[in-house]
Each structure stands twice: as structure tokens, then as C-alpha cells.
Amino acid sequence: MPPNDGVSFTSSSFKIPSLSQTLASHLYRARHSAFQLIHSLRKSSNFLKAPPGPTAFGVHSLIRSSPLLCCASLSLTTQSNNLPKSPLLCSASLSLSQPSSPDSAQSGSEVPHKGHSTTAGRSHEERVLISEVLVRNKDGEEMERKDLEMEALTALKACRANSALTVREVQEDVHRIIDSGYFSSCMPVAVDTRDGIRLVFQVEPNQEFHGLVCEGANVLPMKFLEDAFRDAHGKVVNLKRLDEVINSINGWYTERGLFGLVSGLDIFSGGIIKLQVAEAEVNNISMCFLDRKTGEPTKGKTKPETILRQLTTKKGQVYSMLQGKRDVDTVSTMGLMADVSIIPQPAGDAGKVDLIMNVVERPSGGFSAGGGISSGITSGPLSGLIGSFAYSHRNLFGRNQKLNISLERGQIDSIFRINYTDPWVEGDDKRTSRTIIVQNSRTPGTLVHGNQHDNSSLSIGHVTAGIEFSRPLRPKWSGTAGLFFQHAGARDEKGNPIIKDFYGSPLTASGKPYDDMLVAKFESVYTGSGDQGSSMFAFNMEQGLPIMPEWLFFNRVNARARKGAEIGPTRLLLSLSGGHVVGNFSPHEAFAIGGTNSVRGYEEGAVGSGRSYVVGSSEISFPMLGPVEGVIFADYGHDLWSGPNVPGDPAGARYKPGSGYGYGFGIRVDSPLGPLRLEYAFNDRQAKRFHFGAMAVATGLDVQKNGDPNGIWLRGDRALS
């Protein structure tokens, strides 16, 4: 049989007398061999009667002055207190004792004679001349396996021919032979010969390995065991190598955070090794709500099943600390808990654990107010300021359902929004979320139809209602599908509907004061680590459905990619975005290029507006002082010569170039209000401009109706602090 085909794996529980059951016989033979060693040394004291020469004198004086009692033993111990170590530890010891004097025995005194311990200790250091050192099998015969004989001889350090040895040195060499891993026992025997004392190490090799039985390893890959033992087939079991294999198995569990280790090992007759693996399975998972102030158990508002369904750890699995940490992070991201921890405890059944999840709930909701800056408004010192007021409830019905009602109001623009989200639709096993949106907004129309010669302004009003569903598609990928109805039109400063701007360009596609559309939305997003410098890709498509004859029919696609890289202390961020729209669409929803979130150095929408666009950006940021970062950047944008294809050519009427670039420098600050940025940029027309706004990590791609085709930072026509 080829060596690699002899490794067998089975879950059988047959019993063969194990190695541990033979320890008594090993100990008996060790003691018997020790008595033979003592007897041979005593005989040599009667044999050596010649006048002591330099060598014989030392032997003769040692034997006459101190009758030696030698004992060798082999022990097998299990160190249960040190789990990473192999449970199989072999040791051999050779001890020397000095018998008490008859006077001491008769007196019955337990106090040793003065200097007794010193004399006994000195006897360990007295030397005996050894003329020859041999390695034999346990019966004292020559070994058949010369390679094993060489392994034992190679292990010896002190015991050499024609050397004077102490008992301690012999003891240490016995340990070295055992530590080589090839032998289950080693007995030193002194044999008196004509040439002197011959020291024989009688060894018993381990069995040859012919098979493996592994019990209890439910998650340990079979290939891992096969690779660990395959090369050992037909060879003598090396306990050191076996210890390494056991440590590697324990390391496999440790690296994956799994509660598992090798708990037992036996070597059966016939060379069968049995490994017993203990894996801690999850017996039960329970929750405990703790009071925020006292830390005592209390009644929670959240339904336990709402939290438990977030866990990837399930009953019957081998408990993984890494998986438990991910579960803690997942529950924390729900936004309901101020603190989350998982405590494993031994279960009643052996080899199982109970998991207790301790959670501290946050307040479920309340009112809030704030302010911000709209980056889409560029005229007037205070026209860009906005205020906001909101009510939110993050745990409706104890099911983590969220309700947000908000109002944002500025001098020109306003948004009223009602948003209801169920982050996990009940009964769905794909973690599908559902969001219902109702929104009424009024935003400046300056991005596409700005620069009115009569200094008048117009605004675009949207009334939107719809529903969308999102779910993870695969790790780091998510998908969204939705259906929205939108009613949009333009108004002048007095709030009257208008259908054309100052240049005569139409403001609606239908020619009426308002355009109606039913839009089906599809989106797929890839996110890396989720921070601002990580990789990201997003693809968005919107299809106008002409259910009614007057509803708009169009198709809009938009894509954005971002890639970050660390270069020493600096970070390089590259981004590219582009889009195209075909069909009948509202002119004010053309792709607008230029501004804080597009090509810096230009006003919002000042580069161009078209049916197509492409924008590229590169940034290098570097740390400066504490939370402050410095940045240098360069942007480029182009409408791909699609400006004239927008109804009324609003970009051509305003002499927008259609392409342009900008570059500059700035700082980023991680403030209590959130990440903020201040930048100073130059464009290719020798204009200079400050840009101020807030940074946000975009995880998706919204409909670009507001001049933010690049979307590196906070999307939308406002940057809220």
C-alpha cells in the first residue's frame, strides 16, 4: 500500500487497551532495571580489588564511600491547566538517594544529621568512569532499526565512552532521549565488563503509525487532518511531532475564534492514534435588558426576536468569538442600544455553552433642531442658511421600525419629509428593508436655469411619494428597487407657476406648469470598509413609466466609482462618475456640472448642463494637527457636447463652456458637528472661489437633479452641518 493511502478517518468508538493503560508495566520495568543497575554497581565494588589507578581509584572510592540507590521512572501526565499545550507530555527521571545511617533509624529522629543533605547532594556530583555507551532495545538486545538507535545516540550529550559521569548527567541524557519523541521508555543499565563499566540505555520505540480516529471534530476540515498526518504513515510515532500537530489543531480553532481544542489522545495497539476533540456548541441564546443608570436587569421595550434575528450565531453551532463580535457590531448598528455584550457561560450539558446577550437601550426618539448651509445657493450673504426641525422614533412597536418627520426651511428652499422604514420585513429571510417616503420640496432652479438677466429667481417644486425595498445581495453589495410618483414644476419669486425662463427656455417637458412621472428605480452599490477613503462603486437606473399619456417617458443611468489608497502618511482618493439620459425629461433635471461637489473653482452648475456628463477628481490628504487634515485636489468635468440636446439649451443661452477644470487646496476638520471642509480653488478661467461644506460618506447614488454628478461628499443641493 502506498504510504499516503494508509491514513484512515472514521468516527468509530472501538476500544483497544490504550497507551495510558500500559504505564504500570513501564514503571515496573523501570524499577526492575534500576535495581539491576544498583546490583551491578555493588558487584563492581567487590570486583575492583586492584590497587587503584587514576581511573579505578575513582570508581572504587565512589562505590565504597557511598552505596548508590538509583531509580528511573517514566511518567505520562496531562496538563489540563494549559490548554494550548499537548495533553501528551512524557518525562523520565533518574533519582539518587543516600540511605539514613542505622543510628538515625534506631533513634527514630526525623531531624537529619548535620551535613547529611550536603553529603547526599555531593554524591550527585561524584563521577563514575564509563568505558562504553550503548543503545539497546528493552530486552537488552541490538536494535533492528538502526535509524532509531542513531536518534537515541544523537540525543545524548554527556554520556560518551571513556567519560566520567555523575548521576545527574545520566538523568539529563535519559530526558534527552525521551524528548527526542521516538521512544516511550528509556532505562539506564550499568554492566560491569573487563574494560570497565558499560552504560546501556534500553529504549522502547513508539509504534508505527497506521491510522487515525478523530472524534468530536465537527467543524475541523478533514483535509486539515489529512495533511497533518499523511506523511507520518508507516513511520514511528514521534511524540514531538504529534505535539506540534495537536498545537496546530488548537491553533486552527484559536485563529477562527472557535471554542475548541484537542482534549484527549490515545495510541492503540496496531499504531492507531485516537484524537478526542472538544467543541463547545451553543446550547441556548437569551437576552437580558439592563437599566442605563443602575445596570440591574429591567424590562426592555424592544422585542427579543427583533434583536435575536440579527445574530448569525445560531443554536447548535460551535461558538466563535469572532462571529460573536460581529453579532455585537450588527446589533450596535441598529441604533437602539447604548451598549451590547455577549457573555458565554457553561451549559448543563457537557461541551456546550449558553450565550447571554446583555443590552442597554437608548431613548427611542424625540425632537431635534439644527441648521446648515445649502451649497446650491450662491447669491446673497445669508440666502444659503437653512434651519431644520425634526421628530424621530427609532423603535416603533419594539420592532426597530423607524419614523422620521422633518422640516428644513431656508430663505428660498424648503423640504418637508415623512419617512417610514422597516429595516427587516417580517417573515423575510433575506434581510429585506422597506421604506415609504412622502416629500414636498422647493429648491433653487439656479443650477440649470440661473443667471436671469432681470435678477429674478425661480424655484423648482417637487411632490414625491413612493416605496422602495433594499437588501444585501452578497458581502459588501446591496441592491435597491423602488417605485415613485413625482409631480414637479417651476415657480417664480411670487410663487406663480411658470413654464419658461428669461431666455425663453422651457422649464417643463410637457409644456404645462407641471410634469408628472412614475419612476421605477433600480440601484446596486458596492462599499468597501465604509469610511470616506474606501473603495466604492454605485450604479443607478431610473425608468419613467408612461402609464398615463401625459406622464414622462425616459431612461436615466448614472454610475460612480471611487478608489482610495494609503501612500505613507498620505491618502490618495480617485473618483470618476458619469451618466446619460434619453427620452422626454424635465429640463431642470439635466446633469449640472460645477460647484462644491463637482468641479471646484466654479459656481454651482457653471461648467454646463446636459443629457450626459463625466466628472473625474483626485485628492491627496495628509495629517496636519489633531483632527485637522490638509488636502490638495484637482477636478475635471465635461458635458460630452450634450448641452444643446437639453430642451431650450439652457447651458448655451448662458454661455456655459461645457467643460472645465479646477484645482486647489483646503483643510478638513473632524468637528463635534461632523466632518467639515474649507477649500480654496482656482479654475481654468483664472477665477478663484472658496468652497465650504460638510463631508459625508455616500453609500448609494441618488437621482442627480441638483448639480451633484460627482457626489464625492454629501449628496443633494445642501450640505448640512
Side-chain angles (χ1 to χ4, degrees), residues 1-9 16-23 26 29-30 72-79 82 84-93 135-138 142-157 159 172-188 201-214 217 220 223-252 261-277:
M1 179 183 295
N4 289 348
D5 297 334
V7 182
S8 61
F9 298 86
I16 303 175
S18 66
L19 177 64
S20 60
Q21 295 173 341
T22 64
L23 291 180
H26 285 310
R29 288 198 299 269
S73 64
L74 176 69
S75 62
L76 183 67
T77 61
T78 301
Q79 292 188 349
N82 191 359
K85 291 294 185 181
S86 166
L88 191 63
L89 299 176
C90 290
S91 64
S93 63
V135 175
R136 295 290 184 261
N137 63 18
K138 63 180 180 178
E142 288 194 16
M143 299 186 64
E144 297 180 359
R145 295 281 301 269
K146 296 300 181 182
D147 56 336
L148 293 179
E149 181 179 340
M150 287 303 301
E151 290 288 348
L153 289 173
T154 303
L156 299 178
K157 182 178 180 181
C159 296
E172 291 173 351
D173 273 352
V174 169
H175 277 288
R176 292 186 181 98
I177 292 177
I178 293 296
D179 289 343
S180 69
Y182 290 100
F183 307 98
S184 60
S185 67
C186 176
M187 306 299 173
F201 291 96
Q202 295 184 357
V203 298
E204 182 178 3
N206 296 323
Q207 303 181 61
E208 292 184 355
F209 173 65
H210 292 292
L212 175 68
V213 176
C214 186
L220 185 67
K223 187 177 185 303
F224 186 88
L225 290 173
E226 292 176 351
D227 293 342
F229 284 94
R230 188 179 303 278
D231 293 339
H233 184 269
K235 299 178 182 178
V236 171
V237 175
N238 187 297
L239 300 183
K240 289 181 63 177
R241 170 58 183 159
L242 191 58
D243 183 73
E244 294 174 358
V245 171
I246 292 173
N247 287 335
S248 67
I249 295 175
N250 293 339
W252 186 90
L261 77 162
V262 178
S263 59
L265 180 145
D266 284 311
I267 302 179
F268 296 133
S269 59
I272 304 298
I273 295 178
K274 175 185 175 182
L275 290 179
Q276 185 66 44
V277 178

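Closest approach of Cys214 and Val277 over heavy atoms only: SG-CG2, 3.9 Å. Nearest approach of Val135 to Met143, heavy atoms of both residues: CG1-SD, 3.8 Å. Taking both residues in full, the closest heavy atoms of Ser184 and Pro205 are given as OG-O, 4.1 Å, listed atom of the first, atom of the second, then distance. Nearest heavy-atom pair, Cys186 versus Val174, reported as atom, atom and distance to 0.1 Å: O-CG1, 4.0 Å. Nearest heavy-atom pair, Asn250 versus Val262, reported as atom, atom and distance to 0.1 Å: OD1-N, 2.8 Å. Here the shortest heavy-atom pairing between Phe183 and Leu148 reads CZ-O, 3.3 Å.
Using a 4.5 Å heavy-atom threshold, the side chains of Asp147 and Val236 count as separate. When side chains are defined from C-beta on, Leu156 counts as touching Phe201, because their heavy atoms get closer than 4.5 Å. Side-chain contact between Asn206 and Asn238: absent, with no pair of heavy atoms (C-beta onward) separated by less than 4.5 Å. Residues Lys235 and Glu208 have side chains not in contact (no heavy-atom distance under 4.5 Å, counting atoms from C-beta outward). In this structure, Leu225 and Val245 have side chains that are not in contact, with every pair of non-hydrogen atoms separated by 4.5 Å or more. In this structure, Ile267 and Leu239 have side chains that are in contact, with non-hydrogen atoms separated by less than 4.5 Å. No side-chain heavy atom of Val203 sits under 4.5 Å from any side-chain heavy atom of Tyr182.
Using a 4.0 Å cut-off between a side-chain N of Lys or Arg and a carboxylate O of Asp or Glu, Glu226 and Lys223 do not qualify as a salt bridge. Between Arg176 and Asp173 there is a salt bridge, since a side-chain N of the basic residue sits under 4.0 Å from a carboxylate O of the acidic one.
With values rounded to the nearest 0.5 angstrom, Gln202 atom CD is found 7.5 Å from Asn137 atom CG. One finds the CD1 atom of Ile246 at 11.0 Å from the CZ atom of Arg241 (value rounded to the nearest 0.5 Å). Note that OG1 of Thr154 and CD of Glu149 are 10.0 Å apart. Values are rounded to the nearest 0.5 Å. Separating the CZ atom in Arg145 from the CD atom in Glu151 is a distance of 10.0 Å, to the nearest 0.5 Å.
Ring planes of His233 and Phe209: perpendicular class, angle over 60° (limits at 30 and 60°). A tilted orientation is assigned to the rings of Trp252 and Phe224, their planes being inclined by 30° to 60°.
In terms of modelled atom types and a separation under 3.5 Å, the side chain of Gln207 and the main chain of Gly270 share a donor-acceptor contact.
Few gaps surround NZ on Lys146; more than 12 heavy atoms of other groups in view lie less than 6.0 Å from it.
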